[in-house]
Amino acid sequence: NTKRRNSMAIKVSKNVSIEQQKKVLVEEAWLKYYNQVLFEKGVITERERNLMINMIDARTTKSLSR
C-alpha cells in the first residue's frame with residue numbers, strides 16, 4: 001500500500017488504520033499551512049521553513065510506516 005505525496009512515495013504499514021492515516025495526513029496539512037503562514041509573515045526564514053517541511057515530512061513518514 002503506497003501513498004503518493006508531493007512526488008514522494010510513502011510505504012504505508014498494514015498496522016496503520018485508515019483513521020490513523022487520515023489523522024496523520026490532516027496533521028501534516030495543518031503543520032505545513034502554519035509553517036507557510038509563519039514564513040509569509042516573516043516570522044521564520046526560507047531556510048527555517050524548508051527545514052520544518054523536511055521535519056514534517058519525516059514525522060508523517062514515520063507515523064505511516066509503523
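Bear in mind the structure is a predicted one, so any value in this text is a computation, not a measurement.
When side chains are defined from C-beta on, Arg59 does not count as touching Val24, because their heavy atoms never get closer than 4.5 Å.
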Give the C-alpha distance, both sets of side-chain angles, the deciding distance and a yes or no for side-chain contact (heavy atoms from CB on, under 4.5 Å) between Asn35 and Ile44. CA-CA 8 Å; Asn35 187 48; Ile44 61 174; 3.3 Å; yes
For Leu25 and Leu64: C-alpha separation, side-chain torsions, deciding distance, then whether side-chain contact (heavy atoms from CB on, under 4.5 Å) applies. CA-CA 9 Å; Leu25 294 175; Leu64 292 177; 4.2 Å; yes
Step-by-step side chain to side chain donor-acceptor pair (under 3.5 Å) determination, Gln20 to Ser17: CA-CA 5 Å; Gln20 182 63 22; Ser17 69; 5.5 Å; no
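Remark: Lys32 engages Glu28 in a salt bridge, criterion side-chain N to carboxylate O under 4.0 Å.
The line from CG of Leu51 to CZ of Arg47 is 5.0 Å long, rounded to the nearest 0.5 Å. Atom OG1 of Thr45 and atom CG of Leu38 lie 11.0 Å apart (nearest 0.5 Å). For the atom pair Glu19 CD and Gln21 CD, the distance stands at 9.0 Å (nearest 0.5 Å).
Residues forming a side chain to side chain contact (heavy atoms under 4.5 Å, CB included) with Gln36 (at least two apart in sequence, or on another chain): Phe39, Glu40, Arg49. For Lys22, the side chain to side chain contact (heavy atoms under 4.5 Å, CB included) partners are Ile18, not counting sequence neighbours. Considering only residues two or more places apart in sequence or on other chains, Val26 meets the side chain to side chain contact (heavy atoms under 4.5 Å, CB included) condition with Trp30.
Here the closest heavy-atom approach between residue Ser63 and residue Val16 is recorded as O-CG2, 3.8 Å.
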